Protein chains: 2
Amino acid sequence: MKRTSLGRVECPVARALDEIGDWWSLLIIRDAFDGMRRFSEFQKSLGISKGILTARLKHLVAIDVLQTAPISDEGGYQEYVLTKKGRDLFLVTVSLRQWAEDHCFGKTERRSTLMETASGKRVPRLALQGRDGKELDSSMTFVRKAADLDDSRAPRKAGVLRTAER
Amino acid sequence: MKRTSLGRVECPVARALDEIGDWWSLLIIRDAFDGMRRFSEFQKSLGISKGILTARLKHLVAIDVLQTAPISDEGGYQEYVLTKKGRDLFLVTVSLRQWAEDHCFGKTERRSTLMETASGKRVPRLALQGRDGKELDSSMTFVRKAADLDDSRAPRKAGVLRTAER
DNA sequence: CCGTATCCATTCCGATACTG
DNA sequence: CAGTATCGGAATGGATACGG
C-alpha cells in the first residue's frame with residue numbers, strides 16, 4: 001500500500017513536506033544554492049546513487065523547484081537551475097541550518113557557515129517578529145483551521161501548548 | 001545496504017535532515033506545537049500507523065526533541081512534550097508553512113493559518129535581515145566551509161549562483 | 001488507552017553494468 | 001558526462017491482532 005498522500009490537506013506544513021520532505025530534496029536544493037548545476041556535481045557532493053538522483057531531479061523539475069536548461073557548449077546535456085519557487089526555499093534551509101548549529105554539533109566540531117557577502121560576516125539569526133516588533137515564539141501563536149476562516153473572533157487554542165522546561 | 005548517514009558531516013543542513021528529515025517527524029512536531037501530547041492524538045491527526053508512530057516518537061525522544069512525562073491521573077501512560085530543542089524547530093515549521101502557502105495551494109484552496117495570539121492577526125512574514133538591516137536573499141550569501149575557517153578573508157563563492165528568472 | 005508484534009506490499013537506496 | 005536499466009537488501013508504512 002502506498003504512503004498516505006499529504007498533497008491535498010489544508011495544512012501548509014504538510015503540503016510542503018509532501019513536495020520536498022524526502023531525504024534528498026533539500027540537500028539537492030542546498031547544493032543548488034551553493035552553485036551546483038550539473039548531474040555529476042550533485043552526485044559527487046551528495047554521494048547519492050545515480051538512479052535516486054535521477055528520480056529526485058525529475059521530481060524537483062516536475063514540481064517547478066528546478067528547471068532544466070541546455071548546456072550550450074556541450075552535447076545535448078542539461079543543467080538544473082533553481083526557479084523562483086526553488087529560491088524561495090532559502091529561508092527553509094537557513095532555519096534548518098541555524099537549528100542544527102544550535103543543537104546538532106558538539107562543542108569542538110567544525111561546521112560550514114553561511115556568510116553574508118557584503119559584510120563578510122556570519123548571517124544573522126532568523127527571527128519572527130510579531131506585529132508589535134517583538135520576537136514571536138510558538139507559545140504566542142495558534143493555528144486557525146480553514147473551517148474557522150469566517151470566524152474572525154479569537155483564539156480558542158491559545159495557551160494550549162505545554163512543553164518541557166528544558 | 002543502509003542509507004548513507006549524514007550525522008557526522010560538516011553541513012548543518014545535512015545534520016538537521018539526518019535527525020528530523022523523514023516524512024513524519026516534522027508533522028509530529030507540528031502537532032506538538034498545536035498542543036497534542038498523547039499517542040492517540042498524534043495517531044488520529046496524522047493517520048499514521050501505530051508501529052511507525054511508535055518508532056518516530058522513540059526517535060524524537062532519543063534525540064531530545066520530545067520528552068516523555070507520566071500522565072498523573074492515568075495508569076502508567078506517557079505523554080510526549082516538546083523540549084527546548086523541539087520548540088526551537090518553530091521557525092523551521094514557519095518557513096515551510098510560508099513557502100507552501102506561496103507555492104503549494106491553488107487560488108481557491110483553503111488552508112490553515114498561523115495566527116498571532118496577541119493581535120489576533122496572521123503571523124507576519126519570516127525575514128532574514130542582513131547586517132545593514134536590509135533583507136538577505138540567497139544571492140547575497142555564500143557558504144564558508146569549515147576548512148576555510150581560519151581564512152577570514154572574503155568570499156570566493158559569492159556570485160556563483162545562477163538561477164532561472166521565473 | 002497505549003502500545004507491541006507480525007505480516008506483507010511498496011518504496012528507498014546503493015552498487016553495478018551499460019549506452020550514447 | 002549524463003543518464004538508464006537492473007538487482008537485491010533494507011527501510012517504510014498500512015493493516016490487523018494481541019496484551020497490559
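Note that these values count all heavy atoms, side chains included, but never hydrogens, waters or copies made by symmetry. Throughout, protein chains are lettered first and strands after them, A, B, ... in sequence-line order, and every chain is numbered starting at 1. Being a predicted model, the structure only gives us computed values, none of them experimental.
Taking the nucleotide of DNA chain D with the nearest heavy atom to each of A:L57 and B:I48, the more 5' of the two is matched to A:L57. Residue-to-nucleotide proximity on DNA chain D shows that, of B:K50 and B:W23, the 5′-proximal contact is made by B:W23.
The side chain of A:K58 places an N or O atom within less than 4.0 Å of a non-bridging phosphate oxygen (OP1 or OP2) of D:dT4. Regarding contacts with the backbone of D:dG14, a side-chain N or O of A:T4 is found under 4.0 angstrom from either OP1 or OP2. Residue A:R38 places no side-chain N or O under 4.0 Å from the OP1 or OP2 atom of D:dC1. Put simply, B:R56 has a side-chain N or O that comes within less than 4.0 Å of OP1 or OP2 on D:dT12.
Going from atom CD of B:E79 over to atom P of C:dC2 covers 10 Å, rounded to whole Å. Rounded to whole Å, the distance from CG on B:L27 to P on D:dG13 is 11 Å. Between the CD1 atom of A:I52 and the P atom of C:dC13 there is a distance of 5 Å, given to the nearest Å. One interatomic measurement links the two molecules: CG of A:D18 to P of D:dG13, which rounds to 12 Å at whole-angstrom precision. If you measure from atom CG of A:L53 to atom P of D:dT4, you get 10 Å, rounded to the nearest angstrom. Separating the CD atom of B:Q43 from the C1' atom of D:dG13 is a distance of 12 Å, rounded to the nearest angstrom. Rounded to a whole Å, the CG atom of B:L66 is 12 Å from the P atom of C:dG3. In this structure, B:R37 atom CZ and C:dC2 atom P are separated by 11 Å, rounded to whole Å.
Using a cutoff of 4.0 Å between basic side-chain nitrogens and carboxylate oxygens, B:K84 and B:D88 are scored as salt-bridged.
Here A:S40 lies in heavy-atom contact (under 4.0 Å) with sugar-phosphate atoms only. If you check every strand for non-hydrogen atoms under 4.0 Å, B:K44 touches nothing.
Within the model, atoms CD of B:Q78 and CG of B:L57 stand 11.0 Å from one another, a figure rounded to the nearest 0.5 Å. Atom CZ of residue B:R15 and atom CD of residue A:E109 lie 4.0 Å apart, to the nearest 0.5 angstrom. In this structure, the separation between CZ on B:R125 and CG on A:L91 is 8.5 Å, given to the nearest 0.5 Å.
For B:S49 and D:dG14, a side-chain-to-base donor-acceptor distance below 3.5 Å is present, hydrogens and geometry of angles not being considered. Contact of B:Y77 with C:dC2 (side chain to base): no donor-acceptor pair of N or O atoms is detected under 3.5 Å.
Each of B:I29, B:T83, B:L82 was scored for a side chain to side chain contact (heavy atoms under 4.5 Å, CB included) with B:L60, with one residue passing: B:I29.
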